[in-house]
Amino acid sequence: CSPPLVTSCLRIYGPQLNDCPEDIDMRVVLVGFGGREAALAWRMVKSEKLTSLTVTGDNPGWPAEAVVVHASTPDEWISLAREVRADLVVVGPEAPLAAGAADALVAAGFPTFGPTREAARLESSKAFAKEIMLATGVDTAAALVVDRSDPQSVASARARCARGQVVVKADGLAAGKGVFVCRTATEAEEALEAVWSGRFGESSDRLVLEDLLEGPEVSLFAICDGERIVMLPSAQDHKQLGDGGVGPMTGGMGAYAPCPLIDREAGDELGEHIHLPVIRELARRGHPFRGLLYAGLMITEDGPKVLEFNVRFGDPECQPLMMLWGDDLLDWLYGAAIGQLPAGQPRFIEGSACCVVLASAGYPLSSDKGQPIPEPVESDGVVVFHSGTRRDDSGVLRTNGGRVLGITAQGSTLDEARSLAYAALPALIFPGSQHRSDIAAQAGT
Ligand code: GLY
């Protein structure tokens with residue numbers, strides 16, 4: 001039987017435009033092939049509107065309905081979209097968006113879920129994100145933008161670092177590795193040198209120095225059509241490798257939703273003060289944002305402050321959110337892509353969802369590839385999303401990246417979802433695998 005649905009979970013802000021067509025058949029191309037895209041595909045194939053789903057890379061966990069056609073550049077995505085006569089292209093990861101994939105696809109006539117290169121600068125330039133936050137009054141940490149080629153700017157940076165309690169951020173995309181939390185002056189100086197060493201390529205010349213804030217982090221997503229937004233339930237990621245939040249930063253070792261720190265009403269209100277002014281400012285500058293706007297928040301003693309923006313679903317936060325999605329996902333992605341979010345509100349399954357990541361030995365510094373993985377078996381309330389896996393020539397599933405599997409469960413309570421995910425985990429352990437045992441254990445802290 002179907003799970004119960006919350007019918008009034010979300011609000012839409014801004015003027016209501018036309019509804020998304022009810023009877024449209026959708027041929028969808030999905031760019032990206034990690035855990036986030038596996039979760040999006042899993043939810044998409046539940047849509048009655050879906051007539052075909054073409055995915056552009058290998059993921060042994062794709063749903064059976066997905067057809068793989070290898071394509072890895074905007075020109076190849078456009079050719080593929082033409083070939084399958086795509087009604088919608090969904091771009092999952094940030095790198096193609098920052099490189100202008102959505103611009104190219106839209107120019108070729110394909111409705112695309114994912115912002116243009118200029119709008120994607122919210123994620124691809126920390127300095128740009130700060131500029132937009134300043135222009136819109138979004139609450140964030142005080143910051144200094146530092147240009148390495150300007151001696152005065154460098155002198156200000158060194159003076160700020162001497163006081164410690166600072167976060168050093170490479171300006172551009174750095175695969176989650178360009179952020180250094182520095183409590184002491186020495187750590188801050190080392191972080192400056194690390195960024196300026198050139199290890200982040202184009203991201204190395206400019207950086208942002210930000211006052212260090214303290215508090216729990218929450219991820220708050222909105223689907224945006226350029227003018228309006230719908231808020232999704234809050235989620236909480238666990239970014240450090242070890243239990244209790246110790247060890248190196250990772251892409252995310254597990255996540256759950258919703259997060260009790262931001263309930264529905266609080267999320268709606270934050271959307272009005274964060275996501276909505278930001279997309280309005282981008283629209284005013286001629287760059288309407290159509291896609292997913294992710295605000296990374298810190299809940300400080302002085303209230304929520306924005307740490308960063310991302311321009312795509314969080315990974316692994318997307319996995320629990322897709323398990324809770326109780327509506328036709330394509331209505332919302334397509335509505336955002338064509339600039340006309342549907343009237344009404346998407347529904348979410350009542351309860352909670354929890355995702356626990358199994359990672360390779362060596363992650364996040366390296367990843368031990370080629371280890372055999374037990375074959376996941378789907379069980380009630382649990383879905384195993386694949387990230388870094390591949391099948392070898394004899395059909396054996398093997399590790400092929402840092403984060404390998406996202407064991408994701410849905411339950412009527414967070415405790416139940418968490419227990420289901422952890423109960424499924426032992427059967428999937430592979431040589432050298434790493435996981436946290438405290439995902440969602442301290443929910444809301
Ligand atoms: N979970 C963190 C991110 O997607 O950036």
Side-chain angles (χ1 to χ4, degrees), residues 31-40 90-98 113-115 120-126 129 167 169-181 200 203 208 216-223 232-242 245 247-259 261-262 274-275 291-299 306-324 353-359 363-364 385-388 401-408 421 435-436 438-440 443:
V31 173
F33 46 92
R36 164 185 42 225
E37 290 78 25
L40 288 170
V90 177
V91 182
E94 64 275 20
L97 294 168
F113 183 85
R121 287 180 70 214
L122 281 176
E123 178 165 359
S124 65
S125 169
K126 306 286 179 249
V167 181
K169 295 181 172 178
D171 182 51
L173 293 183
K177 295 179 183 141
V179 176
F180 300 82
V181 176
F200 301 114
S203 309
V208 174
E217 291 185 34
V218 180
S219 306
L220 191 58
F221 301 166
I223 292 183
L232 309 192
S234 61
Q236 192 168 44
D237 189 9
H238 295 65
K239 287 189 176 139
Q240 276 157 307
L241 183 68
M249 295 293 278
T250 70
M253 293 299 289
Y256 68 92
C259 173
L261 285 171
I262 299 184
I274 297 171
H275 303 70
L292 192 290
L293 180 56
Y294 164 154
L297 306 178
M298 182 162 273
I299 314 301
V306 175
L307 295 180
E308 62 175 3
F309 285 117
N310 295 315
V311 299
R312 37 75 193 175
F313 281 97
D315 189 351
E317 296 97 313
C318 186
Q319 286 85 319
L321 282 173
M322 286 305 114
M323 279 203 85
L324 292 178
C354 176
C355 170
V356 181
V357 169
L358 270 183
Y363 181 73
F385 296 115
H386 293 230
S387 302
R403 291 186 291 173
V404 175
L405 297 173
I407 304 161
T408 311
H435 68 272
R436 278 180 66 157
D438 65 347
I439 303 301

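Side chains included, hydrogens not; waters and symmetry mates left out as well; all remaining heavy atoms used. Here the structure is a predicted model, which is why all the values come from computation and not from measurement. Ligands are counted one by one from 1 in listed order, and the atoms in each one are counted from 1 as well. Count residues from 1 along the sequence.
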Q. Does an N or O anywhere in Lys239 fall below 3.5 Å from an N or O of ligand 1?
A.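 No.
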
Q.
Using a 3.5 Å cut-off on N or O atoms only, is Glu308 in polar contact with ligand 1?
A.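 N/O-N/O distance below 3.5 Å does not exist for this pair.
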
Q. In terms of side-chain heavy atoms, does Tyr294 have a donor or acceptor partner in Glu123 at a distance below 3.5 Å?
A.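 There is no such pair (donor and acceptor under 3.5 Å, judged by atom type) between the side chains of Tyr294 and Glu123.
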
Q. Do Ser125 and Asp171 meet the criterion of a side-chain donor-acceptor pair at a distance under 3.5 Å?
A.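 Present: a donor and an acceptor within the cut-off.
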
Would you mind running through ligand 1 and noting each atom that sits below 4.0 Å from a heavy atom of [X]?
{"X": "Gly251", "answer": "1 (N), 2 (C)"}
{"X": "Arg312", "answer": "3 (C), 4 (O), 5 (O)"}
{"X": "Asp237", "answer": "1 (N), 2 (C)"}
{"X": "Asn310", "answer": "5 (O)"}

Q. According to the interplanar angle, ranging from 0 to 90°, do the rings of Tyr256 and His238 count as parallel (below 30°), tilted (30 to 60°) or perpendicular (above 60°)?
A.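 Plane angle between 30° and 60°, so tilted.
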
Q: Report yes or no: does a heavy atom of Gly314 sit under 4.0 Å from some atom of ligand 1?
A: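 Flag set, Gly314 near ligand 1.
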
Q.
Contact between ligand 1 and Tyr294 is defined here as a heavy atom of the residue under 4.0 Å from a ligand atom; is it met?
A.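 For ligand 1, residue contact (heavy atoms, under 4.0 Å) with Tyr294 is present.
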
(Q) If you count heavy atoms of other groups shown closer than 6.0 angstrom to CZ of Phe33, is the number above 12? (A)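 Atom CZ in Phe33 is not packed in, count stays at 12 or less.
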
Q: Flag the pair Lys239 and Glu217 as a salt bridge only when some basic side-chain nitrogen lies within less than 4.0 angstrom of an acidic carboxylate oxygen.
A: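 Salt bridge between Lys239 and Glu217, a charged N being under 4.0 Å from a carboxylate O: yes.
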
(Q) I need the minimum non-hydrogen distance between Pro93 and Arg312, along with the two atoms involved. (A)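 Of all heavy-atom pairs spanning Pro93 and Arg312, the closest is C-CG, 4.2 Å.
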
